[in-house]
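Predicted model, so just to flag it, every value in this text is computed and none were measured.
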Amino acid sequence: MPQHHGMSPFQQLLEASAQKGTHQGFFGRLLPKGQVVERKDVEDALLKLANSMDEGDNEDPSGDSDIPDGYVFLGQFIDHDITFDTTSGLNKVFGDVESIPNIRTPIFDLDSVYGDGPEAIPFLYQRKHPEFFLIGSDNNPDNDLPRNREGRALIPESRNDENGIISQLQLLFMKFHNAVLEGIENEDIEIFEPVQHKDVEFEKAKRAVQRHYQWIVRHDFLPRIIVKEVLDQAVQDVLDSDNYKSDPIWCDAPTIPVEFAGAAYRFGHTLTRSHYHINANRLNVDLFENFKDKPGNALSVFNPVAPENIVDWRFFFEVDSSIEPQNARKIDTWMAHEFYDLPFVPKAAKDRGENSLAFRNLLRGAVSYSLPSGEEVAKAFGVNPIPLHQKVKDAGLTETPFWFYCLAEAEAHGGKLGPVGGRIVAMTLLRILKEDPESYVNAPKPWKPYLGEGDNFTMADLVKFVQKHEPKKEAIKFGEEFYLKSQDGRYLISADHSGYYFPRLDASGQVKLKLGNGNGELTHNAIVQILSTETGLAQGNILGAFRDRHNCYYWSLYNQQMQGWQITKVDGGDAKIRYGDKVYLTNLYWTNQRLTRDTKYPGYFTTVENAQEWWVLEKAEASTGSGGAYT
């Protein structure tokens, strides 16, 4: 029977769960609750333990893992797709966790991206083409989430805008859907997803995106964070058999146990760095920099993503063999210093010490959820508990809070989740896959990914797919007028006449340029001249890099090499260069010198060897007169 956009698979699961007496839409417990304690009885010891986890301002490279940074934020994205507790607090004992509603659907259906579809939540989708996601903000039309006039993201899951990296990850999945749907409509992609729906193409694209995402969770994400033997056993017990149905712990387990949501899955907080490489020109950016003393030069937090902070996914996933992504920290008992002064915590909560994420996690487990100790959980799992950690002893505790136990166990297993924490994470996520009738593991025929190369699909493949299938832009032709836009969103504007004509950079007042030294369409690695149409330059309008200081200014034809530029595409693809493509401009005379913003003389141009500065050519409207500056 055709399904309405507003009717989700989760609603079907709720109906089934009501008959079975389980609580798919609520949290629950794997094990009996631990000791019930009041905050006042434990907060001093927990605060001391939390503070012992602060690794300080300097991140020792020995604390790095082999996990690319992108998987930290993918883990956060996954969490936001399946759990959201808006009820419990840090000061309240919430013993009856079965009454805590989970307002996300506890299946990998990407309801955090799709909501309930175009009919139920039309503001997520385009007006003219309601099967496609609406993308872009006023100042960043191609690479930001859609936003209202106050800058708040128009997405179903508000937490996916809480930092500039997960915001861009949310956008990546929206672009993935749009790219798949475009391929279906153009008959460029064959989708092997039978669906029954009045909007077949939308549902086919959605199902394809969901199942490739589910494959990533199982085959790309989990193996990176869990000890292999632990994950293999969970796969055997859940996906390769029904052993878990006779396991006394897992046979009647809730879909989302609080042992998972309140402890084991919070491992990602220790993977997180204080600083991130966002793109080639935004290196070592503070995670919460915009709440410090540089509000205009920062990652966004529930705000529009500035053009200079567009994430280059080559720094987060293994997309390009020539660029090694920065790696996450290890899963251990240390946390980034940034997490000890969370910027979005109200003053009253800060006064209670709740601007420390480690303290918040410990309070939530001990007070809000009354979780058993790590030692108790280990014994219930038939595992010998690890020795009491020195930090636990120093805090005056005789048993280990369960969240800290999962981290200490990972620390003892080389930085990956072990027999207790890893078992809970693996079993919870694999059971979600197994018990969702529409997941790829329950497809009528054995399902394999088909949108990548070969029969595997990773986050790197997803990035490549989106890049390859971005909407085609108009090819650039020699002689057409364009504006040159820098990576930070500023344009080449009129020249400063100080003996020479030095072009400048600003957010407005852009000058029309033309490409010379060729005919027809512009292609990768073409040799060009950059010609200004600015009034007053006449024939002295050819941009060059002169002298050994590589000053960039206009001059009449003087040296073909100094005034020649090789234009190369940054993101690969076919040979054509189109309006909106990212390009490097490398001078022909000076070895590997690329056009870049001048840091010594801000607002001007220079060249720097192997600079990672990219530029975009934007098409200008045709001139009706003799040219000149466009304002």
Side-chain angles (χ1 to χ4, degrees), residues 9-10 13 22-25 27-30 67 70-85 102 104-113 157 169 173 210-245 247 249-251 253-269 271 331 377 381 403 406 409-410 416-443 447 449 457-459:
F10 176 55
L13 283 177
T22 60
H23 299 280
Q24 301 282 40
F27 293 91
R29 294 187 186 277
L30 281 177
I67 304 170
Y71 292 94
V72 179
F73 298 94
L74 177 63
Q76 185 182 24
F77 181 86
I78 292 169
D79 176 49
H80 293 178
D81 187 40
I82 60 175
T83 72
F84 196 4
D85 168 16
N102 176 15
R104 290 258 71 87
T105 58
I107 51 179
F108 298 121
D109 63 348
L110 291 173
D111 76 312
S112 57
V113 176
E157 174 49 77
L169 189 61
F173 274 89
Q210 289 170 333
R211 287 184 168 176
H212 282 80
Y213 160 62
Q214 293 162 2
W215 181 276
I216 286 171
V217 172
R218 159 64 186 95
H219 292 278
D220 191 27
F221 177 68
L222 289 177
R224 296 179 188 271
I225 63 167
I226 298 175
V227 171
K228 184 178 185 303
E229 293 76 16
V230 174
L231 178 58
D232 287 348
Q233 185 61 57
V235 170
Q236 171 62 36
D237 290 343
V238 178
L239 299 186
D240 295 344
S241 71
D242 288 331
N243 290 346
Y244 73 100
K245 293 182 178 180
D247 185 306
I249 292 177
W250 293 99
C251 61
T255 305
I256 304 292
V258 288
E259 293 87 348
F260 168 88
Y265 199 73
R266 292 178 178 260
F267 68 89
H269 297 156
L271 287 170
I331 305 175
V377 178
F381 276 37
W403 172 64
C406 294
E409 182 186 62
K416 290 192 174 184
L417 295 172
V420 176
R423 174 77 172 173
I424 290 176
V425 170
M427 292 292 288
T428 299
L429 299 186
L430 294 177
R431 284 175 65 243
I432 288 174
L433 281 175
K434 181 70 172 278
E435 296 181 2
D436 173 9
E438 295 185 358
S439 80
Y440 85 87
V441 302
N442 292 313
W447 189 94
F457 195 79
T458 66
M459 280 304 299

Would you say [X] and [Y] make side-chain contact, with heavy atoms under 4.5 Å?
X	Y	result
Q236	S241	yes
V425	L222	yes
D237	D247	no
E157	F77	no
F108	I78	yes
L169	M459	yes
L30	W250	yes
R218	L239	yes

V72 and I67: CA distance, side-chain angles, deciding distance, side-chain contact (heavy atoms from CB on, under 4.5 Å) verdict: CA-CA 8 Å; V72 179; I67 304 170; 5.7 Å; no
Atom pair CZ/CG of R423 and L417 - distance to nearest 0.5 Å: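 With rounding to 0.5 Å, CZ (R423) is 13.5 Å from CG (L417).
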Plane angle bin for Y440 and H219 - parallel if under 30°, tilted between 30 and 60°, otherwise perpendicular: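 Because their plane-to-plane angle lies in the 30° to 60° range, the rings of H219 and Y440 count as tilted.
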Counterpart residues, ring-ring contact (aromatic ring centres under 6.0 Å, His included), relative to Y244 (two or more places apart):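 Applying ring-ring contact (aromatic ring centres under 6.0 Å, His included) to Y244 gives none.
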Qualifying residues under ring-ring contact (aromatic ring centres under 6.0 Å, His included), relative to Y265, sequence neighbours excluded: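 Partners of Y265 by the ring-ring contact (aromatic ring centres under 6.0 Å, His included) criterion, ordered by chain and then number, come out as F260, F267.
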Listed partners of V227 passing side chain to side chain contact (heavy atoms under 4.5 Å, CB included), at least two apart: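 For V227 the side chain to side chain contact (heavy atoms under 4.5 Å, CB included) partners, ignoring immediate neighbours, are E229, V230, H413, K416.
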Candidate pair N102 and T83, rule side chain to side chain donor-acceptor pair (under 3.5 Å), full reasoning: CA-CA 6 Å; N102 176 15; T83 72; 5.4 Å; no
F173 and L110: CA distance, side-chain angles, deciding distance, side-chain contact (heavy atoms from CB on, under 4.5 Å) verdict: CA-CA 9 Å; F173 274 89; L110 291 173; 4.3 Å; yes
Side chain to side chain donor-acceptor pair (under 3.5 Å), paired with R104, selected from D111, D81, D79: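 The residue from D111, D81, D79 that satisfies side chain to side chain donor-acceptor pair (under 3.5 Å) with R104 turns out to be D111.
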